[in-house]
Amino acid sequence: MLDRSSLRERPEAVAEAIANRGADVDLEAILELDEQWRDRKARGDSLRHDRNEVSSRIGRLKGEGREEEAEEAIERSQSLKAEIETVEREAAELAEELEEAMLELPQIPDESVPVGESEDENVERRRWGFDDLRKLPEEVVPHYDLGEELDIIDEARGAKTSGAGFYFMKGEGARLEHALIQFMLSVHREQGYLDVVPPVPVNSESMRGTGQFPKFVEDAYRLGGANDEPYDDDDLWLCPTAEVPVTNMYADDILLGEDLPLKHQAYSPNFRREAGEHGTETRGIVRVHQFNKVELVNFVEPDESYDRLEGLLGEAEEVLRRLGLPYRILELCTGDLTFASAKTYDIEVWAPGDDLEDGPDEGGRWLEVSSASNFEAFQARRAGIRYRPEHHESADYLHTLNASGLALPRVVVAILEYYQNPDGTVTVPDPLREYMGTDRIEGHEAVGESALGEGE
RNA sequence: GCCAGGAUGGCCGAACGGUAAGGCGCACGCCUGGAAAGCGUGUUCCCUUUCGGGAUUCUGGGUUCAAAUCCCAGUCCUGGCGCCA
């Protein structure tokens with residue numbers, strides 16, 4: 001949420017920022033609402049002032065036994081009461097409308113963010129790992145085919161038990177997943193992160209705090225009730241990213257200056273309906289409804305958030321570097337920023353299995369495995385997360401940042417494709433071997449009748 | 001799930017229905033040769049250029065001229081009982 005007073009002070013700047021995002025917001029209407037609200041608020045305050053004076057006079061008169069005068073004052077107080085009720089009802093309605101409108105206003109991009117309309121105008125900052133590529137098979141088998149051959153990814157049975165977009169990891173696939181989780185957590189632990197296991201259901205209030213709600217209800221899985229039915233603050237939803245529970249851990253809290261920067265990492269499952277994405281990525285585990293992820297969340301002092309963003313990006317990248325997976329860094333343009341973000345870097349790993357048009361010259365495709373974002377005070381204001389710089393100073397909103405460190409299925413895809421050998425096995429990247437207990441994924445025999453008669 | 005008790009500023013903690021004591025911590029100032037002590041001021045949000053005003057005793061309703069205080073509903077915490085991976 002934006003700060004209302006800065007909205008009043010420089011509406012042109014806000015309007016321009018919103019236009020750069022390609023967002024459609026009636027700023028004029030919001031300013032008008034604010035104006036009206038302030039008017040009612042001032043009138044209500046002054047009426048209340050009058051009533052407070054009358055009230056204390058009643059107390060005094062009663063004390064002195066001057067009943068008649070007290071009676072008169074009581075009548076005056078009653079008529080004030082009625083007036084206050086009217087004015088304040090109006091004020092409350094306006095305030096609510098204003099609040100709703102403010103919740104739909106997107107974050108203002110940082111001035112360093114390149115202006116652009118869509119993801120096509122994101123700016124590539126650098127690549128890593130392409131100078132010294134591993135020798136790949138002639139034909140890299142895409143992860144979904146390889147996963148099926150090795151019987152380590154089972155999409156068919158996932159669809160059967162839960163629906164399209166859900167899948168089983170089996171055998172070395174499951175072990176690879178476990179190994180990656182342990183490995184990532186330990187990398188980030190070295191970087192000063194505190195491990196957190198968050199609750200998976202989160203309430204509507206939390207979803208609003210981080211900016212998922214009210215605009216993106218359709219992307220969430222609701223527990224009980226249909227998504228398009230009205231919801232209450234305490235209705236529950238499946239966690240779409242650990243950013244939600246972990247950031248909201250400190251909702252309505254006041255942290256101390258010496259607590260910051262606070263760095264938490266959380267491994268959790270993530271659930272996304274991917275509304276409007278049906279028909280894309282039907283095969284494989286690139287876009288699914290449930291996936292695991294290690295999430296990095298930072299709480300910092302406002303002055304430090306942009307330095308921290310660079311640091312956070314480095315911390316997330318470290319995972320890919322140690323795994324030896326080639327990747328690139330993009331700086332998102334204004335039109336591609338998410339709702340709450342003021343500046344975002346994407347980390348895209350190279351998956352050589354499927355040749356896509358917008359992939360690198362070496363072939364294959366890019367897969368987004370992390371977005372490192374600075375939300376400035378946008379989430380903090382919505383969720384009420386403040387800090388006290390010095391013990392005697394008043395509390396102020398802090399800045400929040402987060403990045404995936406990293407999203408697991410896409411890293412699995414990159415490993416299965418980039419570390420693939422000509423014989424159809426997959427070499428386990430060095431740092432994962434201690435967690436996997438093996439240096440090679442060889443797969444296993446599938447079970448069940450459906451495995452027969454494939455005609456080979 | 002049942003029963004009982006509770007929720008007041010950064011923390012602790014008072015307040016016959018009459019308009020939120022006091023203490024601690026922290027900061028600044030005064031005092032001091034310097035420090036301690038002492039004294040003073042400040043330490044939630046909103047409106048207001050200023051002056052000032054309003055709100056705020058967990059949340060939401062209600063009673064009343066007036067609610068921290070009384071009533072109703074809810075949330076969370078504590079204790080006891082029950083259940084339980």
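We use all heavy atoms of the structure for the numbers below, so side chains are in, but hydrogens, waters and symmetry mates are not. Residue numbering restarts at 1 for every chain, and letters A, B, ... go by the order of the sequence lines.
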Exercise for the section: Side-chain contact test, heavy atoms from C-beta onward, threshold under 4.5 Å: evaluate it for A/E295 versus A/V246 and give yes or no. Expected result: no
Handout entry: Any A/N52 side-chain nitrogen or oxygen under 4.0 Å from OP1 or OP2 of B/U19
Key = no
Practice task
Round to the nearest Å and state the distance from A/L80 atom CG to B/C65 atom P.
Solution key: 14 Å
Handout entry: Distance between C1' atoms of B/C39 and B/U32 (Å, rounded)
Key = 13 Å
Problem - Gap in Å between the two C1' atoms, one belonging to B/U19 and one to B/A66, rounded - result: 8 Å
Exercise for the section: Measure up the A/H264 and A/Y250 rings against each other and bin them: parallel (under 30°), tilted (30 to 60°), perpendicular (over 60°). Expected result: tilted
Handout entry: A/N203 vs B/U75: side-chain N/O to OP1/OP2 distance below 4.0 Å
Key = no
Problem - Distance in angstrom units between A/R43 CZ and B/G53 C1', rounded - result: 16 Å
Problem - Whole-Å distance separating the CZ atom of A/R89 from the C1' atom of B/G60 - result: 17 Å
Practice task
Check whether NZ of the Lys or CZ of the Arg A/R273 lies under 6.0 Å from the centre of the six-membered ring of A/Y221 and within 45 degrees of that ring's axis.
Solution key: yes
Handout entry: Consecutive-pair stems (3 or more, Watson-Crick or G-U, under 3.5 Å) for RNA chain B
Key = B:1-7 with B:75-81, B:10-12 with B:22-24, B:25-30 with B:38-43, B:44-47 with B:52-55, B:58-62 with B:70-74
Practice task
For B/C28 versus B/C76, give the span between their P atoms, rounded off to a whole number of Å.
Solution key: 42 Å
Problem - Nearest-angstrom distance, C1' atom, B/U56 to B/C51 - result: 23 Å
Practice task
Look at all strands and tell whether A/R76 reaches a base, only sugar-phosphate, or nothing, counting heavy atoms closer than 4.0 Å.
Solution key: nothing
Practice task
Report the distance from atom CD of A/E258 to atom C1' of B/G10, rounded to the nearest whole Å.
Solution key: 11 Å
Practice task
Classify the angle between the aromatic ring planes of A/H289 and A/F166 as parallel (below 30°), tilted (30 to 60°) or perpendicular (above 60°).
Solution key: tilted
Fill in the blank from the handout: Separation of B/C65 atom C1' from A/D50 atom CG, nearest Å, is 15 Å
Problem - Validation row: A/Q290, A/N270 side chains within 4.5 angstrom (heavy atoms) - result: no
Exercise for the section: Taking A/S341 for its side chain and A/L337 for its backbone only, find out whether a donor-acceptor pair lies under 3.5 Å. Expected result: no
Exercise for the section: For residues A/F213 and A/Y231, establish whether the separation of their ring centroids is below 6.0 Å. Expected result: yes
Handout entry: Given B/G10, B/A66, B/A55, the nucleotide with the shortest approach to the side chain of A/R48
Key = B/A55
Handout entry: Side-chain ion pair, A/R388 and A/D396, N-O less than 4.0 Å
Key = no
Problem - Pairwise C1' distance for B/C2 and B/U8, with rounding to whole Å - result: 29 Å
Problem - Atom C1', compared across B/U63 and B/A73: separation rounded to whole Å - result: 15 Å
Problem - P spacing across the pair B/G52 / B/A37, given as an integer number of angstrom - result: 33 Å
Problem - Salt bridge A/K343-A/E331, side-chain N to carboxylate O under 4.0 Å - result: yes
Practice task
Using whole Å, report how far CG of A/D233 lies from C1' of B/A73.
Solution key: 16 Å
Problem - Of A/I74 and A/H49, the one whose closest RNA chain B nucleotide lies more 5' - result: A/H49
Problem - Between B/G62 and B/A15 - C1' atom distance, rounded Å - result: 24 Å
Between N or O atoms, less than 3.5 Å apart, protein on one side and nucleotides 45-49 of chain B on the other: list the pairs.
residue, atom, partner, partner atom, Å
B/C47, OP1, A/R8, NH1, 3.1
B/C47, OP1, A/R8, NH2, 2.9
B/U48, OP1, A/R38, NH1, 2.8

Exercise for the section: Write down the distance between CG (A/L256) and P (B/A27), rounded to a whole number of angstrom. Expected result: 13 Å
Exercise for the section: Let me know the distance between CG of A/D235 and P of B/G74, rounded to the nearest Å. Expected result: 16 Å
Problem - Any side-chain heavy-atom pair of A/R40 and A/L94 under 4.5 Å - result: yes
Practice task
Just jot down the ring-ring contact (aromatic ring centres under 6.0 Å, His included) partners of A/F291, sequence neighbours excluded, or say none.
Solution key: none
